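Working notes, structure below.
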Amino acid sequence: MKPPSKLTLALLLANENNNYQAIKDASAQLISLFNAAPDALIIIDQTGVIELINTTTQTMFLYNEHDLIGENISMLMPDSIKNAHDGYLSAYLQTGKTNIIGKGRKLSAIKSNGEEFCIFLSVGEVTNSSHTQFVGIISDISEQEKQQTILMETKEKLAQATRLTAMGELAAGIAHEINQPLAAILSYAQASKRLINSPGTLDINAITEPLEKICEQALRTHEVIDRLRTLVKRHTAQREKVDLYPLIHEAVRLTKTDPRMRGHEIELDLEEGKSIELFVDPIQIQQVLLNLIRNAVDAMEQEKGMPVKIGCRRLSGKEIEVSVTDSGKGITADASSSIFAPFFTTKKTGMGMGLSVCQTIIHGHGGRIYYRSKEPQETIFSFSLPLFTENQSGRE
Ligand code: ADP
């Protein structure tokens, strides 16, 4: 057991000796401490009735002391939490057990003017008291939460900007993809027209084939446009349970429309047939893959025909690693410290945002991103991601 503090000791001694002045002094010190706390401190009994508050509670919740003492703590909670709180207390009364003691949690609270705000609440049990009492320690974290939201929105906008740049680069390739089926549709339509206009009875069988081809090609165009729309759409992170391999295949399919890919194949080293489940935003993870593949291809400007390799391996029972390897120019020691910094680029038309955004996305998913480079013939960019667990889906 920890030794009592000086103040507790002074109180104990004063009590023992019936020294009322000493008790008064020590109590005054305790009350000053209580009131000087930057957090709101609220003492309640086992039914939730407020017995004592400090001055920060009054300023934080915009109440006077007499408005709160004797009232139930639930008056400081929004309706959505009130019921749960009543439940905690009645469970405590029935079982004598509580699972909130010693733990902190983020909650919403409500001020006297009805304003809802974000708090961090920790609860402790008051020991050595004549009856059961709990002390709630409350920090107002609404400002931090606001900053966090702004930060997330900025990162989201940044990711959006990069996606748009990437789309600009992909646009030429996509135009090429759409042009091909359009040309095919035109020629099948002309063939059908010729058949219809040719003398004699119309051969229905002969015209069916070009019409089917027209439908097929129109569908292909629709698919390309659909993929484009998914990438460009304003997108807030939406995590879901996904299988990693189909996600990699889809990213590879997308790069096929990138004109720079010409002359570079993608070699996949995946244990096909296996399922690797992740809890991620698939669009964001594809964005990371597209960035790494594009960088790999850019690095192999002089190595035409060399492939980009994508591999996967389990790091532990809980993590998977995806790697993108190229045989390009490598990364110099000078560049190595800045590689993930925003706006760092060695390319004439580079923006230097690709790796920075990749890092934000991977860190946001609880993973890591790193590279190894053997200048001048090999660079491996890898990222790790936690494997799916039931807890993850519960959190969203
Ligand atoms: P950008 O592609 O617009 O330059 P990135 O943030 O994606 O922006 O990359 C930053 C820099 O990192 C690149 O300009 C390049 O110098 C370096 N880099 C990234 N990937 C590779 C790679 N696979 N091989 C060599 N250098 C790379």
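In this text the structure is predicted, and so the values were computed from the model without any measurement. Keep in mind that the numbers below use all heavy atoms, side chains included, and drop hydrogens, waters and symmetry copies. Both ligands and their constituent atoms are indexed starting at 1 by order of listing.
- The nearest heavy-atom contact from the protein to atom 21 (C) of ligand 1 is F381 CE1, 3.7 Å.
- Classification of D269 and K309 as a salt-bridged pair fails, no side-chain N sitting under 4.0 Å from a carboxylate O.
- Among the candidates N291, L292, T379, I266, the single residue satisfying the side-chain contact (heavy atoms from CB on, under 4.5 Å) test with V324 is L292.
- Of all the atoms in ligand 1, the ones that sit under 4.0 Å from a non-hydrogen atom of A299 are 22 (C), 24 (N), 25 (C).
- Between K329 and ligand 1, no pair of N/O atoms sits closer than 3.5 Å.
- Within the set S356, G330, A296, S327, the minimum heavy-atom distance to atom 25 (C) of ligand 1 is found for G330.
- For atom 18 (N) of ligand 1, the closest heavy atom belonging to the protein is I339 CD1, 4.2 Å.
- Taking atom 8 (O) of ligand 1 as the reference point, the nearest protein heavy-atom neighbour is G352 CA, 3.2 Å.
- Scanning the protein heavy atoms around atom 4 (O) of ligand 1, the nearest turns out to be T345 OG1, 2.6 Å.
- Considering CD of E71 and OH of Y63, their distance stands at 9.0 Å, rounded to 0.5 Å.
- Here the heavy atom of the protein found nearest to atom 10 (C) of ligand 1 is F344 O, 3.2 Å.
- With respect to atom 26 (N) of ligand 1, the closest heavy atom belonging to the protein is I331 CG1, 3.4 Å.
- Using a 4.0 Å cut-off between a side-chain N of Lys or Arg and a carboxylate O of Asp or Glu, E116 and K111 do not qualify as a salt bridge.
- Remark: K241 is positioned above the aromatic ring of F388, its terminal NZ or CZ atom under 6.0 angstrom from the ring centre and at most 45 degrees off the axis.
- Residues that satisfy the side-chain contact (heavy atoms from CB on, under 4.5 Å) test with E143, not counting sequence neighbours, are K146, Q147.
- Among all protein heavy atoms, the one lying closest to atom 7 (O) of ligand 1 is N295 ND2, 2.9 Å.
- Here the two rings, on F340 and Y370, have centers that are 6.0 Å apart or farther.
- For the residues L355, D326, T346, the heavy atom positioned nearest atom 9 (O) of ligand 1 is part of L355.
- The protein heavy atom nearest to atom 2 (O) of ligand 1 is K347 NZ, 2.6 Å.
- With salt bridges taken as basic N to acidic carboxylate O contacts below 4.0 Å, none links E321 and R368.
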